[in-house]
Each structure stands twice: as structure tokens, then as C-alpha cells.
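Below is one structure, written out as C-alpha cells; the observations come after it.
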Amino acid sequence: MKFKRSFSVHLLISFLISTLIPFMLIAYVVAHIYAREYSRDVRSLLDTTASSLDSNIATYLKELEQVTMQPYYNNELYNYLRGLSRDQDYALMERLNLQRNLDSNMSFVRYTREDINGIFIVTGDRCLYYTITGTDHKTLSPAFDYGEQSWYQEAVKADGRCLLIGPHVPDYITPRDTPVISLARSIVVLESREPLYVIKIDVNTRIFDRIFHDFTFHVDSKIIIKDENQRIIYANRPLSDEDRETLENTPGAASVSLADGSFQRYAYPITGYPWDITILLSDQELNSRTGIIYLTALLLYLAGVVMAMASFRISSKKMVASINSMRGIFYAIQNEDFSRKYTYVSDTELDDLGDSLNAMSEELQNRIQKEYVMAIRQKDTEFRALQAQIQPHFLFNTLNNFVALNQVGDRDALENALFELSGMLRYILKAPALIPLSMELSFVEDYCSLQKLRFSDRLNYVVDRRVPAEGIMIPKLLLQPIVENSILHGVEPCNRACTIRISLSPAAHGVTIVIEDD
């Protein structure tokens with residue numbers, strides 16, 4: 001029993017090894033494809049999100065551009081500002097009315113938009129008009145030369161087109177204000193394109209909080225807006241100075257390492273503007289989700305192995321029960337007990353073999369009772385002859401081979417072997433005393449085939465039928481004991497491949513049969 005359990009464990013290990021490699025390969029391929037599709041879905045989500053953000057930001061910037069066009073929308077204000085830029089004199093009441101009208105228009109714009117910190121209309125070293133937040137503690141810096149500022153000069157060169165200015169500190173405000181982004185446009189004489197003054201709008205980043213508020217990803221992420229010089233204009237999450245420096249100095253890197261981990265970087269330009277949107281996705285969470293896919297594949301494999309082991313155990317239990325039942329019958333026959341019968345437990349070809357064993361047991365019991373009761377010695381002789389006809393150890397070895405075939409799953413070989421053994425048993429029990437030579441040769445071939453299950457490549461057999469064997473009658477089981485002796489005394493002790501040859505040749509009054517081994 002100990003050997004049987006060890007052999008079962010060996011088969012189980014072989015089964016696990018034989019299924020592990022292909023299944024894990026399949027699981028890896030499936031998981032890899034799923035992970036690739038997952039990455040593709042993430043990129044598609046990113047593209048959709050970036051497109052929506054791009055549309056919202058571009059729309060917002062276009063709205064701000066319209067604010068810079070305010071002087072063109074009111075001829076009275078346009079002419080007033082044009083006169084101020086050329087030092088035109090105005091009557092006091094007229095000047096007060098025009099100034100009040102200008103302040104009403106500009107202040108209304110600033111007060112209705114919390115994202116606008118200030119509106120400035122400047123020319124050279126003068127500020128023609130301004131409106132800013134926090135007027136109770138902030139004023140314009142005295143004697144500030146606006147014409148020397150790069151944004152002023154670029155706005156003039158732009159010839160009426162709106163200029164987008166990245167994050168900067170408005171140094172013309174005292175005390176210094178927080179960094180802002182700005183839009184600047186030169187207001188020109190429409191006929192001659194002569195620049196009159198520059199309108200500049202300082203904007204905070206509050207509006208971006210609202211734009212990005214509804215955009216979230218299923219992994220840890222950061223959304224950043226950068227200007228044409230790769231300076232960070234806005235980030236939806238706080239960034240340390242080191243992180244800002246890293247992001248600004250590595251614009252083309254596909255991934256970046258920040259203080260809170262490594263991130264994949266995806267950049268999208270804002271349509272019509274020199275800014276871009278950068279989305280950072282956490283590598284750790286992306287890898288974690290991919291790892292979950294592979295873990296799921298592994299768990300599915302383990303579940304499959306458990307189910308296969310359960311099925312293997314149930315099937316093997318039935319097969320072993322059938323074999324043990326047959327062995328019990330043989331042991332009982334050896335002890336002259338013919339009352340034991342085969343029980344049907346496997347629902348396979350083994351039950352047919354069990355029928356044959358039951359029939360053989362009954363036949364043996366009947367023959368002993370009817371033919372050998374009166375002659376003990378003759379009974380013993382005939383019983384030994386019957387044992388010689390089909391040795392139990394041959395059947396034991398054959399049944400052990402059946403168990404091995406079942407456990408390795410070779411169903412076709414097991415089925416053929418069962419039919420061969422069943423046919424041999426029926427031949428032994430039911431064939432007449434004299435039979436055609438061809439039937440005996442077929443019986444011997446089946447016997448050798450079953451023995452080959454035991455010896456494998458060590459046993460080869462050849463039947464040379466040079467004489468027609470159908471019309472020749474011989475006693476039943478004349479050749480099998482000789483072949484068995486050849487296997488027992490020739491093949492079994494030898495550790496190399498052996499061949500048994502059965503040849504027929506014509507004789508003067510019949511046929512010569514030669515059984516030989518090498």
C-alpha cells in the first residue's frame with residue numbers, strides 16, 4: 001500500500017508539472033493581452049480627457065481675449081483712451097464723465113470675474129487706467145517704465161494680436177502681488193495700424209480649479225499646465241520645488257520620478273495656444289492593476305488544478321476499487337474460496353472484465369465440484385494445470401499495468417488491453433478442446449501484447465505464418481505455456497531488448513511449429 005501511495009503522488013506531481021507550464025503560458029498570454037488592452041483603454045481615456053480639457057481651456061482663453069477687445073467695442077472709450085495716449089486735453093466735466101464710463105466698464109468686467117486680478121491700460125512709462133483687487137492695500141509702483149518690459153514690446157510687435165504671457169510676478173504693483181498669468185494686446189489705430197497703448201489682463205489660476213475639478217482618473221494622477229518655456233502655470237495638486245524643477249527640466253521624458261513616486265507622463269498641446277497639458281499617472285498603481293490581472297490568472301490556474309485533482313482522485317478511486325475487487329477474487333480462488341464475486345463500482349470496461357472473472361470463478365467452482373470431487377490427486381493435478389494455463393501473477397501484473405494506463409490517462413490503450421484480456425479469459429473458459437491453429441496463434445498474440453505492457457521495449461514478438469493455419473486443429477492452450485516459459489526464463493532475467501519468434505513451416509504430414517527467443 002505504501003508503494004501505491006508513493007506512485008500516486010508521483011503521478012500527481014507529473015500531472016501538475018505537465019499542466020503547469022502550458023497553463024501558465026496560456027495564463028501569461030491572456031493576462032498580457034488583457035494588460036495591453038487595459039493600457040490601451042487608459043490611453044483612450046487620457047486622450048478623451050485631454051481633448052475635453054483642451055476644449056475648456058481654449059474656450060476660457062478665448063473669453064479672456066474678448067475682454068482685451070473691450071476698447072474696440074465702445075467708440076467713446078476708444079477715442080478717450082486714444083486721446084489720453086496722445087496727451088489730448090479734455091474739459092474737466094468731460095474728462096470726469098469719460099473716466100467714470102471707462103471705470104464702469106472695466107470694473108464691471110473685473111468684479112464679475114473672480115479669476116481677473118487686474119486690468120491695466122498702459123503706454124510707455126504711463127498707466128492710463130487700472131483696476132485691481134485689494135485696492136485698500138495695493139497701488140501701482142511709481143515711475144515704472146512699461147515700455148521697457150518684454151511683454152509690452154512683444155505685444156506691440158504682435159500688431160493687435162493677443163499675447164499670452166506665462167507665470168510672472170506683476171512688479172508694477174506695490175507691494176508685490178502673487179504670480180499671475182496675463183493676456184496682453186496692443187490697441188492700434190485701425191486705419192494706420194499705429195500702436196496707441198497696450199491693455200494687459202492679469203489672471204489667477206482659480207478658474208483651472210473648476211475646470212479640473214470634475215476630471216478624475218482611476219489611479220493616482222496629477223494634471224499640469226505648462227507654457228511654451230516649460231514653466232508650470234498650474235498644477236491640480238501641490239508640487240514641491242524639487243518636483244517643479246524636475247518637471248520643468250525633463251520635458252521629453254516618458255516617465256518621471258517625483259517625491260511621491262514614479263509617474264508616466266503624457267503631454268497634449270492646447271489648440272491655438274503655445275501651452276500644453278501634462279497628465280501624470282502613477283506607475284505604482286498601474287503596475288498594481290496589471291499585477292492583479294496576473295494574480296487572477298494564477299488563481300484561476302490553481303482553481304483548475306484543484307478541480308482536476310478532485311476529478312483525478314474520484315476517477316482513480318473507482319478504478320482502484322475495481323482492481324482491488326478483482327485482486328480479492330484471485331486471492332480467494334488461491335485459497336479455494338469461490339464465493340467472492342466482483343462488485344460493480346467503476347462503470348467502465350473493468351466491469352466487463354469483472355463479469356469474466358465472475359464467470360471464471362463459477363466455472364472453476366463447478367468443475368472442481370463435478371469433475372474432481374472423487375479424485376483428490378487428479379483434482380490437484382487438473383487444478384495446477386488450470387493455474388498453469390493462466391497464472392495469477394500474470395493477471396496481477398496485467399492489472400497493475402491497467403492501473404498505470406488509467407493514471408496516465410491513456411484511455412485507448414487501456415480499452416484495447418481490457419478487451420484483449422477479456423477475450424483471453426473467454427477463450428480459456430469457453431473454447432472447445434480442439435481449436436484451429438489460427439485461434440491459438442491469435443490467443444498467443446494477445447498474451448504477448450499484454451506482456452508487452454509490462455516489459456515495454458524489452459519484449460518484441462514476431463509470428464511468422466508461412467503456412468495457412470485455418471484448417472489445422474490443435475489442442476487448446478498448446479502454445480501459450482511454452483511462450484510463457486520463454487518470457488519467464490529468457491526475457492525476464494535479461495536487461496536488454498529480447499525477441500520471441502513463433503514460426504510455422506510445412507512438414508511431411510502436417511506443420512512444424514518453432515517457438516524460440518534470442
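Atoms considered below: every heavy atom in the structure, side chains included; atoms not considered: hydrogens, waters and symmetry mates.
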Gap between atom OG of Ser486 and atom CG of Leu459 - 0.5 Å precision: 9.0 Å

State, to 0.1 Å, how close Ala235 and Ile224 come at their nearest heavy-atom pair, and which atoms those are. CB-CG1, 4.1 Å

Going from CG on Leu504 to CG on Asp464, what distance comes out if it is rounded to the nearest 0.5 angstrom? 7.0 Å

Quick check: are there more than 12 heavy atoms from other residues, nucleotides or ligands sitting under 6.0 Å from CZ of Arg501? no

Given side chains that start at C-beta, do those of Leu441 and Ile502 come closer than 4.5 Å, heavy atoms only? yes

Just how far is it from atom CD1 of Ile279 to atom CG of Leu46, taken to the nearest 0.5 Å? 5.0 Å

Do the non-hydrogen side-chain atoms of Asp517 and Thr499 ever get within less than 4.5 Å of each other? no

Atom of Val491, atom of Cys498 and distance for their closest heavy-atom approach: CG2-CB, 3.9 Å

Heavy atoms, side chains only, cut-off 4.5 Å: are Lys226 and Arg231 in contact? no

Report yes if the side chains of Leu280 and Leu247 come closer than 4.5 Å at any heavy-atom pair, otherwise no. yes

Check step by step if side chain to side chain contact (heavy atoms under 4.5 Å, CB included) holds for Ile270 and Leu53. CA-CA 9 Å; Ile270 298 176; Leu53 290 172; over 6 Å; no

If the plane angle is over 60° it's perpendicular, under 30° parallel, otherwise tilted; pick one for Trp275 and Phe208. perpendicular

If you apply the rule side chain to side chain contact (heavy atoms under 4.5 Å, CB included), what do you find for Ser182 with His168, and how did you get there? CA-CA 8 Å; Ser182 302; His168 64 284; 2.9 Å; yes

Tell me, with the steps shown, if Val203 and Val180 meet side chain to side chain contact (heavy atoms under 4.5 Å, CB included). CA-CA 6 Å; Val203 182; Val180 295; over 6 Å; no

Ignoring hydrogens, what is the shortest heavy-atom contact between Glu248 and Gln230? Give both atom names and the distance. CG-O, 3.1 Å

Looking at side-chain heavy atoms only, is the closest gap between Arg43 and Tyr266 below 4.5 Å? yes

Between Glu440 (side chain only) and Leu479 (backbone N and O only), is there a donor and an acceptor less than 3.5 Å apart? yes

Enclosure of Glu245 CD (heavy-atom neighbours >12, cutoff 6.0 Å): no

Step by step, work out the side chain to side chain contact (heavy atoms under 4.5 Å, CB included) result for Leu164 and Glu65. CA-CA 9 Å; Leu164 195 59; Glu65 285 189 25; over 6 Å; no

Keeping Asn56 on the side-chain end and Ile211 on the backbone end, is there a donor-acceptor pair under 3.5 Å? no

Looking at Asp227 and Ile181, would you say the former's side chain and the latter's main chain have a donor-acceptor pair under 3.5 Å? no

Around Asp41, counting heavy atoms of other residues, nucleotides and ligands shown, do more than 12 lie under 6.0 Å from its CG? yes

Side-chain contact test, heavy atoms from C-beta onward, threshold under 4.5 Å: evaluate it for Leu163 versus Leu183 and give yes or no. no

Ser221-Arg237 side chain donor-acceptor pair, cut-off 3.5 Å: no

Regarding Lys452 and Glu445, does a basic nitrogen lie under 4.0 Å from an acidic carboxylate oxygen? no

Atom pair OH (Tyr273) and SG (Cys162), whose distance is rounded to the nearest 0.5 Å: 7.0 Å

Shortest non-hydrogen contact from Val483 toward Cys448: CG1-SG, 3.8 Å

Do Arg40 and Glu37 meet the salt-bridge criterion of a basic N to acidic O distance under 4.0 Å? yes

Enter the distance from Asp260:CG to Asp243:CG here, rounded to the nearest 0.5 Å. 6.5 Å

Donor-acceptor pair between Ser449 and Glu420 side chains, under 3.5 angstrom: yes

Rounding to 0.5 Å, atoms CD1 (Ile57) and CD1 (Ile207) come to a distance of 10.5 Å

Looking only at the side chains, is there a donor atom on one of Ser422 and Arg426 sitting less than 3.5 Å from an acceptor on the other? yes

Does a side-chain heavy-atom distance below 4.5 Å link Leu258 with Phe263? yes

Atom of Ile435, atom of Lys476 and distance for their closest heavy-atom approach: CG1-CA, 3.9 Å

Examine distances only and state if a side-chain atom of Thr59 and a backbone atom of Ser55 form a donor-acceptor pair shorter than 3.5 Å. yes

We want to know whether Tyr268 and Asp47 form a side-chain donor-acceptor pair, criterion being a heavy-atom distance below 3.5 angstrom. yes

Side-chain touch Ile232/Ile225, heavy atoms, less than 4.5 angstrom: no

Mind listing the closest non-hydrogen atom pair of Arg206 and Glu114 along with its distance? NH1-O, 3.4 Å

